K.L.:
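A single structure is presented below for examination.
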Amino acid sequence: GAVVSQHPSRVICKSGTSVKIECRSLDFQATTMFWYRQFPKQSLMLMATSNEGSKATYEQGVEKDKFLINHASLTLSTLTVTSAHPEDSSFYICSALAASGGGWEQFFGPGTRLTVL
Amino acid sequence: SQQGEEDPQALSIQEGENATMNCSYKTSINNLQWYRQNSGRGLVHLILIRSNEREKHSGRLRVTLDTSKKSSSLLITASRAADTASYFCATETSGANSKLTFGKGITLSVRP
């Protein structure tokens, strides 16, 4: 149980275009999902917390107009990178929050590799 | 800001040896988690240790937590070449609504 998928796994786009990444919880419902970004050989940095039915909460320094998050259902959150530029090239990972062992646990998707040319 | 800081940053050992990785953090936590990431892939959750626990075992993994020193260690016993990966500690800070803060990671290489 607690499987999270991401689509696409890899995407290459031209500078200036927008790219949408989907994060789905396959066998559970998640009111809260998280989006992370990971540059090569670096750690995961939390970008935003996605809440179903309400606005996302962005971390300091993350532009909400550039990284649009929509959490329209209990199993799907999307991240749209608008007007992508080469510096947005990164590995984007989502996670979904689920009850586990008396507490809460984040279950991670496999990641999406974005390359902006 | 980074909460967890792992050391060493890179570790190379021979298959069969034990690997010990350490993580330090700065603030009060609800729990600390260790993850593995193979190159270019997603995260694999290894183990979670709560703030009121001192040690946990899972297979060849042993995790300790010392809240007085704000540190944790991950021990992998009898390492295998397949254990080669990056390892991250992540802390869930008290009152943080389940948000995780990841350390910089440790690159483990296990030579066959």
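By convention in this document, chain letters (A, B, ...) are assigned in the order of the sequence lines, proteins followed by strands, and residues within each chain are numbered from 1. Quantities reported herein were computed from a predicted structural model and do not represent experimental measurements.
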K.L.:
Are there over 12 heavy-atom neighbours, none belonging to B:Arg111, within less than 6.0 Å of that residue's CZ?
P.N.:
yes
K.L.:
Determine the minimum heavy-atom distance between A:Cys94 and A:Ser5, stating which atoms define it.
P.N.:
SG-O, 4.4 Å
K.L.:
Is there any residue in residues 53-90 of chain A with a non-hydrogen atom under 4.5 Å from a non-hydrogen atom of chain B, and which ones are they?
P.N.:
A:Glu59
K.L.:
If you measure from CG on B:Asn31 to OG1 on B:Thr91, what distance do you get to the nearest 0.5 Å?
P.N.:
8.5 Å
K.L.:
Are there residues of residues 108-117 of chain A whose heavy atoms fall under 4.5 Å of chain B's heavy atoms? If so, which?
P.N.:
A:Phe108, A:Gly109, A:Pro110, A:Arg113
K.L.:
Nearest 0.5 Å, what's the OG1-CG distance between B:Thr20 and B:Leu75?
P.N.:
4.5 Å
K.L.:
Of the backbone (N, CA, C, O) and the side chain (C-beta and beyond), which part of A:Glu105 lies under 4.5 Å from a heavy atom of chain B, both, or neither?
P.N.:
side chain
K.L.:
Identify whether the distance between the nearest side-chain nitrogen and carboxylate oxygen of A:Arg24 and A:Glu22 falls below 4.0 Å.
P.N.:
yes
K.L.:
Do you see a donor-acceptor pair shorter than 3.5 Å between the side chains of B:Ser72 and B:Trp34?
P.N.:
yes
K.L.:
Are the side chain of A:Ser43 and the backbone of B:Gly103 linked by a donor-acceptor contact shorter than 3.5 Å?
P.N.:
yes
K.L.:
Determine the minimum heavy-atom distance between A:Pro8 and A:Val11, stating which atoms define it.
P.N.:
CG-CB, 3.9 Å
K.L.:
Does anything in residues 35-61 of chain B get under 4.5 Å of chain A by heavy atoms, and if so which residues?
P.N.:
B:Tyr35, B:Gln37, B:Gly40, B:Arg41, B:Gly42, B:Leu43, B:His45, B:Arg50
K.L.:
Nearest 0.5 Å, please: how far is CD in A:Gln6 from CD1 in A:Ile21?
P.N.:
7.0 Å
K.L.:
State the CE-CH2 distance between A:Met47 and A:Trp35, to the nearest 0.5 angstrom.
P.N.:
9.0 Å
K.L.:
Report which part of A:Gln106 has an atom under 4.5 Å of a heavy atom belonging to chain B: side chain, backbone, both, or neither.
P.N.:
both
K.L.:
Using the side-chain hydrogen bond (donor to acceptor under 3.5 Å, both in side chains) criterion, which residues pair with B:Asp66? Sequence neighbours excluded.
P.N.:
B:Ser68
K.L.:
Ring centres of A:Phe91 and A:Tyr36 under 6.0 Å apart?
P.N.:
no
K.L.:
Which pair of heavy atoms, one from A:Ala30 and one from A:Leu97, lies closest together, and at what distance?
P.N.:
CB-O, 3.8 Å
K.L.:
Is there a continuous path of hydrophobic side-chain contacts, each under 4.5 Å between heavy atoms, that joins B:Leu65 to B:Leu74?
P.N.:
yes
